[in-house]
Amino acid sequence: MDRRTAVKNMLIVAGGMVLIPSCLREEGGASIELSRINVSAKQEDLLADLVEALIPKTDTPGAKDLNLHLFVMKMVDDCHSPEDQEVFLQGLTQMNEGKKDFEAFWQKETEEGLSDFAKLVKNRAIQGYMNSEYVMKNELIYELIPGRYNGAYKIEEING
Amino acid sequence: MANIANTKEERSYDAIVIGSGISGGWSAKELCEKGLKTLVLERGRQVEHIKDYPTTNMYPWEFEHRNELPYQIQKDNPIVNRCYAFHEDSAHFFVKDDEQPYGQTKPFDWIRGYQVGGKSLLWARQTQRWSDFDFEGPLRDGFAVDWPIRYADLKPWYDYVERFAGIAGDKDGLPELPDGEFLPAYPLNVVEKYFKQTVENGFSPAKVISARCAHLSQPKQIHLDQGRVQCQNRTLCQRGCPFGGYFSSNASTLPWAAKTGNMTLRPDSVVHSILYDENKQKAIGVKVIDNKTKDEINFYADIIFVNAGAIATNLLLLNSISSRFPNGLGNDSDTLGKYVAFHNYSARIYAEYEGFQEYRTDGRNPAGGAYIPRFRNLHKQEMDYLRGYAAGFGANRMRSSDQSSYGIDLKESLLEPKWGAWGVSSHMMGETIPKKENQVTLDKSQKDKWGVPLLNFDIDYDENDEKMKEDYIDVMTEMFTEAGFINIRPDTRWQAPGLDIHEMGGARMGHDPKTSILNKWNQIHDCPNVFVTDGACMTSTSTQNPSLTYMAFSARSVDFAVQELKKRNL
């Protein structure tokens, strides 16, 4: 099996969701299959750094560990209008041209009010994070099968 | 295989049921239990309980788009995309817009679920009985025609279907919403209880009760016998329930019917028309288009139950043409397809409540919260509009986090969400008045891929609906204000009729063959071996969610039909 086939057969997990890897990565394309937008390998790496600055690794996994940048790309590719996609791609291009201080980017955006690009990336990254397997299994537990309903549950009982 | 039998004899049954949704499942179960060899025709694909619920055990992170539907799917399906339950986890149970196009003289959102089980997989599971305040409505207030039945006719059948389906509810002792054979109700939460006190103290005669719903809060032997167990409070019902925790044809009536050995279920069978024999002066069978092969096949039976779903039943009857019935089967009165009505869901209201900070809910409530039965114009006409509305009411407490920061601050904030104020909401369910001009008709020039004429909708709200909507908002605003709710936000955004998914009528019941299609047994006046027990039969709409009433009609009507068959009257 050559390396490309091996890569293709490997599945990428983004926040718990399985994505289909693309074979374009080695040719400078994105690492996952995208159907409506073109993202270069360089842009993908940049997006990874950008969302890592938003949700950094601490003693718990950060954006890169959870592949949140791939989730953002997947959602922009499938679930956004062409107008939003344009905003996204232009934002990535502009970032690529500017100096790559991602913390400074979020600081400036936060102080001055989020641009459409920053808003899109931030919302999707937070969504991917909050709905990630890691967070839903370890931090804010999602119960598939609660098996109960209590309409008068005292909060002190859990929070102390 | 009986399905592809060649001889007419092999394609003959005692009974045919058209449709396998909530009413068809009941017709099938009752006919099979009474020993009739029954062919159940379903236009959609097979959906077997549990086996064909592909998303049922998926966690949120396992959905490719976290339960959001891709942009292109939403864009290609503006109609079904407006339905609250159409998401990544359930989209496979909905009919897409281009599958069966239809005309709209006025906008109508026709939400369909074509598969074995139909919309019984997707329904909101609210099961409130009708009362004589509803059945006597048309007579008292002078609209439509008098219902040929009263509550007493239906009561034993409500009892009967409730025992089998499993309905959770309290015995509230309200004549406008009769009590039934209930499993334990789901409790109101602290804020819902508080709102109940506020309303019942200050806004008599309005009442707030726990919504009655088709969930096994505490299953009985009859439910375990169906292979169903206690509802696990997942509230992921639209995916199909692996526990059979809520009632659906797939979990309940169809397997029960199959167990008798008398049912032949044939999916992918689009019924084109009902065949009428001019000599025998009755229906003899149906013409089916096989959805896979597009072959035309006739099936025959002594009696036919039409349970295609209110609007699809209208389409089928209108398209069943003979020299005796040139304008549709049983349509001597020229009322077929007319007097279609629905529920006015066009207003909601939202607010917040800062009380009960020490409480939250734990687990999830499949009943959805509280129900406010109709109280307007109940005992006598008192408003400047006819009839009234019921309302849903629910309170929820959510955790949320400040998302304004970035970096470590943001991450910490996201992982330590705080309990906010309670969110409260209500929506109206208004009775609409059936009118002749609110109708569906066949498009003479265009046919669908099964060779059936396209249907055209000409259905709209009227001034009565507008007045009722204003009153609902006024009343709820007053109730919310009195309860100390804050940030009260009425939402009166227009929505097309149909999005309520409570479309009814078109083949209404009545005493008089000159003004109605069906008699008091849901039997076509002039074609007595055809019965219609889905939403098409409804003479008026009341305010209650209608499915439970369709179930009761189906069981009652089968009982009558089989007696008639034995007496050789059919």
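Small disclaimer: the values here were computed from a predicted structure and weren't measured. A, B, ... follow the sequence lines: proteins, then strands. Residue 1 opens every chain.
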Rounded to the nearest 0.5 Å, the OH atom of A:Y149 sits from the CG atom of B:N233 at a distance of 9.5 Å
Cut-off 4.5 Å, heavy atoms of chain B, and the answer for A:F102 is neither
Against chain B, label A:E52 side chain, backbone, both or neither, depending on which of its atoms sit under 4.5 Å from a heavy atom there. neither
Region of B:Q357 that comes under 4.5 Å of a non-hydrogen atom in chain A: backbone
Could you grab the distance from atom CD of B:Q403 to atom CG of A:N123, nearest 0.5 Å is fine? 7.5 Å
For A:E139, is it the side chain, the backbone, both or neither that has a heavy atom under 4.5 Å from a heavy atom of chain B? side chain
Applying side-chain contact (heavy atoms from CB on, under 4.5 Å), run through A:K74 and B:H65 and close with a yes or a no. CA-CA 8 Å; A:K74 177 76 184 161; B:H65 307 100; 3.9 Å; yes
Check the pair B:E358, A:I155 against side-chain contact (heavy atoms from CB on, under 4.5 Å), reporting the backbone distance first and the verdict last. CA-CA 5 Å; B:E358 66 276 31; A:I155 285 186; 5.6 Å; no
Give, for atom CZ of B:R66 and atom CZ of A:R124, the distance between the pair rounded to the nearest 0.5 Å. 10.5 Å
Need one label for A:K57: side chain, backbone, both or neither, based on atoms under 4.5 Å from any heavy atom in chain B. backbone
B:Y406 backbone acceptor or donor facing A:K122 side chain under 3.5 Å: no
B:S405 versus chain A, heavy atoms under 4.5 Å apart: side chain, backbone, both or neither? backbone
Considering all heavy atoms, the nearest A:L140-B:L414 contact: CD1-O, 3.6 Å
Under 4.5 Å heavy-atom distance to chain A, tell me which part of B:F356 shows up: side chain, backbone, both or neither. neither
Ignoring hydrogens and angles, tell me if any N or O in the side chain of B:K411 forms a donor-acceptor pair with the backbone of A:T60 under 3.5 Å. yes
Selection from A:G128, A:S81, A:S132 maximising heavy-atom pairs under 4.5 Å formed with chain B: A:S81
Per-residue contact mode, B:L410 against chain A (heavy atom under 4.5 angstrom): side chain
Per-residue contact mode, B:P366 against chain A (heavy atom under 4.5 angstrom): neither
Please round to the nearest 0.5 Å and tell me the distance separating atom OH of B:Y71 and atom CZ of A:R36. 6.5 Å
Correct closest heavy-atom pair for B:E68 and A:M75 would be OE1-CE, 3.8 Å
Heavy-atom nearest pair, A:N131 first then B:P60, reads OD1-CB, 4.1 Å
